[in-house]
Amino acid sequence: MGRFFHKESHLHEKKGSNSSPLRNSGSPRVSDKSKFRKEASWTKYFDYAGERVNSADAAGEHTVDLSQLFLGLRFAHGAHSRLYHGIYKEEAVAVKIIRVPDDADNGDLAVRLEKQFNREVTLLSRLYHRNIIKFVAACRKPPVYCVITEYLSEGSLRAYLHKLDHKSLPLQKIIAIALEVAHGMEYIHSQGVIHRDLKPENILINEEFHLKIADFGIACEEAHCDLLVDDPGTYRWMAPEMIKRKPYGRKVDVYSFGLILWEMVAGTIPYEDMNPIQAAFAVVNKNLRPVVPGDCPPAMRALIEQCWSLHAEKRPEFWQIVKVLEQFESSFNQDGTLNSVPNLTCQDHKKGLLHRIQKLGPVHLQSNASSMLKPKFT
Ligand SMILES: Nc1ncnc2c1ncn2[C@@H]1O[C@H](COP(=O)(O)OP(=O)(O)OP(=O)(O)O)[C@@H](O)[C@H]1O
């Protein structure tokens, strides 16, 4: 039986909080393993009584070698999962343990969670990019599943924005964050994958303040996405066509990205005074969008509005967004404003930006997802 140490008793856990015994010391070294103790807990369900964790299905070739895993404190949780610190093969990792309810009343939930696990492992294990969370290993022993990824010590973009307490970010920071997310999304789309749940909670930050896209539980391959995703993403960031369960494609992620941009500019979450259902209703029936603050630079406003266009075909591709953001960056570096972004000097900034994006060259991403499976951006 391998070493499998765990302690969780004194932790005040909070969704998305990254309080950690390891945090101050940076990446844990082998000596840090002394902080990892064994204790009865939720993970008792994960006990393997001398047997290797099942390697069937999605975990397959990625099955964790339990003799190399040290499990530490719990630091966060999802709706049906708990997140633990860990060390795997000398690397600091996050161990997400998903416990599927085994009672008959929860049959649908069990099917859904297993599907999410399969999706996350299958898709994430194929993605290699500096702005995508790194997949390490997985295990499958129903009713317990685990997904092991690199550990990102600085928590989520949500937690980071929350700390600002309703203040908007400096423009330079917004551009830097947006560029990293757009690079990650450009890569995801180039691999024929749609994330479908892009929001600040699912963007994590590492020690060097690099951003990485996480949570592929409801992602899908564009060519095979199910319209009726049984666990839809979060309504607040969801494109109208997806809320309405109309046919949709990768541009649903561009819509969500527009809302994230807005959020960084406005310093608050979209539709703060509405619950998610009210927000979804207003978006679908009244074409509501958040109000862009008056002091938002016109070029940034134009990009935000393009991204959340009602019609998906009017939303730019992520490779175009990257180019526009790079122009923002160089304009900002010149004079601290976005005023020198080319072609944005005309009265109608939105048209100016649209024109600019169209001039960026032939749209090389095709609607046929299978043609996008070449790894271009690693
Ligand atoms: N690798 C990681 N490093 C650091 N923190 C992480 C990591 N993975 C997840 N977290 C933290 O744990 C939280 C929950 O993780 P995650 O969203 O993957 O769980 P989930 O079960 O999919 O949640 P939900 O179903 O509620 O969306 C994240 O918001 C994040 O703050």
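As the structure lists them, so they are numbered: ligands from 1, and atoms in each ligand from 1. Each residue takes its place number in the sequence, starting with 1.
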The one among Ile148, Leu152, Ile205 that brings a heavy atom closest to atom 4 (C) of ligand 1: Leu152
Residue list, side-chain contact (heavy atoms from CB on, under 4.5 Å) with Ser330, at least two apart or on another chain: none
Between Glu201, Lys212, Arg158, which one has a non-hydrogen atom sitting closest to atom 29 (O) of ligand 1? Glu201
Please say whether the positively charged group of Lys173, taken as NZ for Lys or CZ for Arg, lies over the ring of Phe209, i.e. under 6.0 angstrom from the six-membered ring centre and within 45 degrees of the axis. yes
Taking 4.0 angstrom as the limit and counting only heavy atoms of Ala76, give me the atoms of ligand 1 inside it, by number and element. 12 (O)
Phe75 and Tyr151 aromatic ring geometry - parallel, tilted or perpendicular at 30°/60° bounds: perpendicular
If you count the atoms of ligand 1 from 1 in the order shown, which ones are under 4.0 Å from a heavy atom of Ala79? 23 (O), 24 (P), 25 (O), 26 (O)
Below 4.0 angstrom from a heavy atom of Ile133, which ligand 1 atoms are there? Numbered from 1 as shown, please. 1 (N)
At a 4.0 Å threshold, what atoms of ligand 1 neighbour a non-hydrogen atom of Tyr151? 3 (N), 4 (C)
Is Lys96 touching ligand 1 with its side chain, its backbone, both, or neither, if touching means heavy atoms under 4.0 Å apart? side chain
Just to be sure I read this right, does ligand 1 sit under 4.0 Å from the backbone of Asp197, its side chain, both, or neither, counting only heavy atoms? neither
Ligand-residue contact atoms, ligand 1 with Asp215, heavy atoms, under 4.0 Å: 17 (O), 22 (O), 27 (O)
Are Tyr88 and Phe70 an aromatic pair, judged by ring center distance below 6.0 Å? no
Tell me, yes or no, whether the heavy-atom count around Lys246 atom NZ, taken from other residues, nucleotides or ligands under 6.0 Å, exceeds 12. no
Run the numbers on Asp253 and His189 for side-chain hydrogen bond (donor to acceptor under 3.5 Å, both in side chains), then give the verdict. CA-CA 9 Å; Asp253 290 336; His189 284 187; 2.8 Å; yes
Distance alone, cut at 3.5 Å: any donor-acceptor contact between the side chains of Ser81 and Lys96? no
Glu150: heavy atom below 4.0 Å from ligand 1, yes or no? yes
Distance filter under 4.0 Å to Ser81 heavy atoms, resulting ligand 1 atoms: 19 (O), 20 (P), 21 (O)
CG (Asp295) and CZ (Arg301) are apart, to the nearest 0.5 Å, by 9.5 Å
Considering only heavy atoms, does Leu204 approach ligand 1 within less than 4.0 Å through its side chain, its backbone, both, or neither? side chain
Using a 4.0 Å cutoff against the non-hydrogen atoms of Thr149, which atoms of ligand 1 qualify? 1 (N)
Classify the contact between Ala94 and ligand 1 as side chain, backbone, both or neither, using a heavy-atom distance cut-off of under 4.0 Å. side chain
May I have the list of side-chain donor-acceptor pairs in residues 283-293 shorter than 3.5 Å, sequence neighbours left out?
unit_1	atom_1	unit_2	atom_2	d
Asn285	ND2	Phe281	O	3.2
Asn287	OD1	Arg289	NH1	3.0
Asn287	OD1	Arg289	NH2	3.1
Arg289	NE	Trp308	O	3.0
Arg289	NH2	Trp308	O	3.2

